[in-house]
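What follows is a set of notes on a single structure, which appears directly below.
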Amino acid sequence: MKVVGRVQGVGFRWFTRVVARRLQLAGWVRNLPDGSVEVAASGREEKLEEFRELLGRGPDGAVVSDVVDLEPVVEELDFPFAMRR
């Protein structure tokens, strides 16, 4: 997924990690040079749907304008969910 809007510098990666770990998802989150945030996650389908919905809201201070589905990540995702640079 790619989360677009004012999502860098507002604790978005930290929020994403906290939510993903609570939902017991594997994967990672990282900032992209264009100001968006990229997220790769795996887990139970209903938990992934909840995760996507929560990312669409974001933490206080974030303004999410879109959550875009990207091509699925082919790498095996690590557990627990982590932040990448």
Side-chain angles (χ1 to χ4, degrees):
M1 287 179 270
K2 182 175 180 178
V3 184
V4 181
R6 191 177 72 206
V7 292
Q8 289 188 19
V10 293
F12 199 91
R13 288 185 309 145
W14 178 84
F15 168 83
T16 302
R17 184 183 69 170
V18 168
V19 170
R21 287 183 175 191
R22 189 185 82 224
L23 295 172
Q24 299 182 327
L25 300 176
W28 49 263
V29 59
R30 67 179 170 194
N31 287 339
L32 294 176
D34 67 1
S36 65
V37 172
E38 183 179 19
V39 180
S42 66
R44 293 189 359 221
E45 191 61 38
E46 65 273 9
K47 297 295 183 181
L48 289 169
E49 289 174 19
E50 182 178 353
F51 184 54
R52 190 179 200 287
E53 181 180 320
L54 291 168
L55 292 182
R57 291 187 221 146
D60 290 342
V63 179
V64 177
S65 58
D66 201 5
V67 179
V68 180
D69 290 323
L70 301 174
E71 292 295 320
V73 175
V74 294
E75 70 184 89
E76 186 166 332
L77 300 174
D78 293 331
F79 186 84
F81 197 92
M83 289 190 297
R84 288 187 175 176
R85 290 187 174 259

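All heavy atoms count here, side chains included; hydrogens, waters and symmetry mates do not.
The shortest distance between side-chain heavy atoms of Val29 and Val37 falls below 4.5 Å. Using a 4.5 Å heavy-atom cutoff, the side chains of Leu77 and Glu75 are in contact. Side-chain contact between Thr16 and Phe81 is present, with at least one heavy-atom pair separated by less than 4.5 Å.
Linking Ile, Leu, Val, Met, Phe, Trp and Tyr residues whenever their side-chain heavy atoms come within less than 4.5 Å places Leu23 and Leu48 in a single cluster. Hydrophobic clustering keeps Val7 apart from Val4 (ILVMFWY residues linked when any side-chain heavy atoms are closer than 4.5 Å, directly or through intermediates).
Of all the heavy atoms in Leu25 and Ala41, the pair that sits closest is CD1-CB, 4.4 Å. Heavy-atom minimum distance, Arg52 versus Asp69: NE-OD1, 3.3 Å. Here the shortest heavy-atom pairing between Ala62 and Phe12 reads CB-CD1, 4.0 Å. Across every non-hydrogen atom of Gly56 and Val67, the tightest pair is CA-CG2, 3.8 Å.
Taking a 6.0 Å sphere around CG of Asp60, one finds it holds 12 or fewer heavy atoms contributed by other residues, nucleotides or ligands. Within 6.0 Å of atom CD in Glu76, 12 or fewer heavy atoms from other residues, nucleotides or ligands are found, so the atom counts as exposed in its surroundings.
Arg17 contributes no side-chain N or O that, together with a main-chain N or O of Pro80, makes up a donor-acceptor pair within less than 3.5 Å. Using modelled atom types, no side-chain atom of Glu38 and backbone atom of Asn31 make a donor-acceptor pair closer than 3.5 Å. Within the 3.5 Å criterion, the main-chain N or O of Leu32 finds a donor-acceptor partner in the side chain of Gln8.
In this structure, Glu49 CD and Glu45 CD are separated by 5.0 Å, a value rounded to the nearest 0.5 Å. Taken from CZ in Arg22 to CZ in Phe51, the straight-line distance is 10.0 Å, to the nearest 0.5 Å. Between atom CG of residue Leu54 and atom NZ of residue Lys47 there is a gap of 10.5 Å, rounded to the nearest 0.5 Å. Separating the OG atom in Ser36 from the CZ atom in Arg6 is a distance of 15.5 Å, to the nearest 0.5 Å. Rounded to the nearest 0.5 Å, atoms CZ (Phe79) and CZ (Arg21) are 8.0 Å apart. With rounding to the nearest 0.5 angstrom, the CH2 atom of Trp28 is 11.5 Å from the CG atom of Asp78.
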In sequence, state the C-alpha distance, the side-chain angles, and the governing distance for Lys2 and Asp34, and then conclude on side-chain contact (heavy atoms from CB on, under 4.5 Å). CA-CA 11 Å; Lys2 182 175 180 178; Asp34 67 1; 2.8 Å; yes
Please assess Leu70 against Met1 for the test side-chain contact (heavy atoms from CB on, under 4.5 Å), listing each intermediate value before the final yes or no. CA-CA 5 Å; Leu70 301 174; Met1 287 179 270; 5.7 Å; no
